Each structure stands twice: as C-alpha cells, then as structure tokens.
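Start at 1 with the first residue, then count along the sequence. Source: prediction; values computed, not measured.
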Amino acid sequence: MNLAIETENLTKMYDGSVGCKEICLSVSEGQIFGLLGPNGAGKSTLVKTLVGLVRPTSGTARLLGRPLGNVEVRRKIGFLPENFGYHEWLTGRQLLEFHASLYKMDRWSRKSRIPLVLDVVGLTGSEKKKVRTYSKGMRQRIGMACALLPDPDLLFLDEPTSALDPLGRREVREIMQGLKERGKTIFLNSHLLSEVEMVCDQVAFIKGGSIIDQGSPDEMGADGAVVELHVDVVSEGLLDLIRPVARIVSSGSNTIRAAVKSREDIPELARAVVGSGGRLYRLAHEKVSLEEIFINLLKEGD
C-alpha cells in the first residue's frame with residue numbers, strides 16, 4: 001500500500017525550544033490516522049510543518065509521494081486549523097468562493113463543488129448568512145467545508161469536533177468514514193479519545209514533542225487489560241501488594257480497578273488478595289481503552 005505521509009526524524013525548533021522532535025511516521029493511503037497528546041505536546045506544530053505553514057528545522061517528509069512544499073501535492077491537501085478566524089463580513093458562500101479562488105478552482109468546478117460541500121457539512125440554506133452570525137458549531141462546519149472544497153486526497157483536521165454537539169460530532173465521524181471509503185487519507189488531531197478510538201485505523205501518542213508510542217488501537221490494547229476485583233475489604237496492605245503488579249485506577253471499600261500491562265499479570269492480582277488475607281469474590285477484566293493507554297503512557301513518561 002502506498003504511503004500518504006512519511007516522515008523521517010522531522011524536527012521543528014522554536015528559538016531552541018522543541019516544537020516537535022525526530023518524528024518518524026508512516027501513514028498509508030486510505031487510512032484515518034489519529035495524533036493524540038496533551039496540550040503543548042507538539043501536535044499542531046507537526047501538522048503546521050506537514051502542511052507547509054512552518055519550515056522544519058531538520059529531517060524529511062513526503063506527502064502523497066512528494067517532498068514537502070510540492071505545489072501539485074498542495075492542491076490535493078485540505079486543512080482545518082484548530083483556531084481559525086474567517087472573514088466575518090462575508091457570507092458562507094462568499095467565503096467558499098474566496099477559498100475556491102485560493103485553490104485556483106475554475107468557475108465550473110466551483111459551481112458544482114460549493115453546493116456539494118455545503119450539503120455535506122449541513123449548511124445548505126445558511127450559505128447566504130454572514131459568517132459573523134454563525135454559531136460556534138456553524139463556524140466549525142464552514143471551516144470543514146473550506147477544507148473539503150478541493151476534494152482533497154489528504155485531509156488534515158485539527159480538533160474538528162471541538163465546538164460541535166454530540167449530533168454534530170457524529171456527523172463529522174460519518175463524513176470521515178465516507179471520505180475513507182472513497183480512498184481519502186485523514187490526519188486527525190483530537191482530545192476526544194473515545195471518538196478517535198471509533199474512527200482511527202492507526203494512532204500515535206506525542207509528548208514533549210516526541211512520539212512515545214504508535215500502532216492500531218486494537219493492537220495497543222490487546223495485551224493489557226483493566227481488571228476489576230471484588231473483595232471482602234480493601235485494605236492498605238492489599239493495595240501495597242497490588243501496586244508493583246498493576247496501576248490502581250480506582251478503589252472503594254470492596255472494589256479495586258487496576259490496569260495491567262499484560263494478561264500474565266492477572267493471576268498475580270488474585271495472589272495479592274489471598275496474600276493479604278482477603279477473600280476474592282469476583283475478578284473481571286476488559287480490554288484497555290485508548291484513554292487508559294494514553295494515561296498509562298503519560299504516567300510512565302513522568
């Protein structure tokens with residue numbers, strides 16, 4: 001399968017401070033790729049470097065098989081920034097006409113494409129209203145429409161659902177799935193881990209400007225598990241015996257939830273209960289969620 005994005009030691013420094021450092025990623029065409037990390041981790045810096053808004057300090061990258069900055073490739077890229085500010089005195093349609101001109105789309109392409117993207121993002125009927133009258137959700141939708149205008153092969157979305165209600169987030173997921181079915185590639189930045197888990201084929205975690213782990217959500221959570229223990233009493237002695245084996249997620253008077261790195265650690269939890277003199281009434285485990293993986297990785301980094 002061809003690669004839509006390929007980076008090798010891609011680095012961007014700001015006056016000696018790390019924006020992103022030695023990023024090595026491979027994203028196949030037709031995938032939805034999720035980049036996750038805390039605020040200030042380097043997510044937006046990486047996206048801005050890939051789309052050409054900032055120049056890398058070192059390293060290389062290729063988009064759709066071409067080096068960064070290739071003009072032909074730029075015409076095949078859509079980008080929705082996280083914090084965008086569009087011309088509020090324009091109507092929605094005028095804004096799309098303006099962006100179409102930036103993409104150098106001809107008149108006939110604009111005539112067919114603009115009504116289509118308005119329909120896709122759910123703004124048909126609102127295109128004659130001034131952008132200043134749009135709600136936060138509507139502004140997010142018109143931003144998505146601008147990104148979709150050139151029918152891009154590669155789409156960068158930076159927090160695309162941040163201002164949307166649950167219905168709007170679902171519609172964005174459906175848009176992304178539809179684009180994927182057409183062979184498009186999507187690079188997604190998001191803080192909503194549950195949403196990323198629903199749509200992404202591959203994910204990477206970034207912290208301090210560096211990638212700390214990457215893979216498919218299923219593979220990353222396949223080995224570990226969150227284990228729930230029901231015991232007669234939760235004592236400090238029992239918690240002390242569990243801590244070397246697993247990270248305690250929560251505990252109550254009779255229940256402990258603990259995250260293990262491997263299924264091989266689960267019998268050790270049962271032994272810890274018995275070793276503390278307690279009684280184990282129930283033990284259940286579930287696959288680690290993306291949120292648990294994320295928290296574990298951040299804690300390990302600390």
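- Tyr86 places no side-chain N or O within 3.5 Å of a backbone atom of Arg132 that could act as its donor or acceptor partner.
- With rounding to the nearest 0.5 angstrom, the CG atom of Leu157 is 6.5 Å from the CE atom of Met176.
- Judged purely by atom type and a 3.5 angstrom limit, Arg141 uses its side chain to pair as donor or acceptor with the backbone of Val121.
- Not a single donor-acceptor pair under 3.5 Å links the side chain of Gln94 to the backbone N or O of His87.
- Judged purely by atom type and a 3.5 angstrom limit, Ser28 has no side-chain atom pairing as donor or acceptor with the backbone of Gln31.
- Note that the CG atom of Leu123 and the CE atom of Met144 stand 11.0 Å from one another [nearest 0.5 Å].
- Relative ring orientation between Phe79 and Phe156 is described as perpendicular, the plane-to-plane angle rising above 60° on a 0-90° scale split at 30° and 60°.
- Between Val234 and Ser253 there is no side-chain heavy-atom pair separated by less than 4.5 Å.
- The main-chain N or O of Val273 is found under 3.5 Å from a side-chain atom of Ser276 such that the two form a donor-acceptor pair.
- Counted within 6.0 Å of NZ on Lys180, heavy atoms from surrounding residues, nucleotides or ligands total more than 12; the atom is thus considered enclosed.
- A cation-pi arrangement is absent between Lys207 and Phe205, since the terminal nitrogen or guanidinium carbon is not both under 6.0 Å from the aromatic centre and inside a 45° cone about the axis.
- For CD of Glu8, the number of neighbouring non-hydrogen atoms (other residues, nucleotides, ligands) closer than 6.0 Å is 12 at most.
- The closest donor-acceptor contact from the side chain of Lys129 to the backbone of Tyr134 lies at 3.5 Å or more, if one exists at all.
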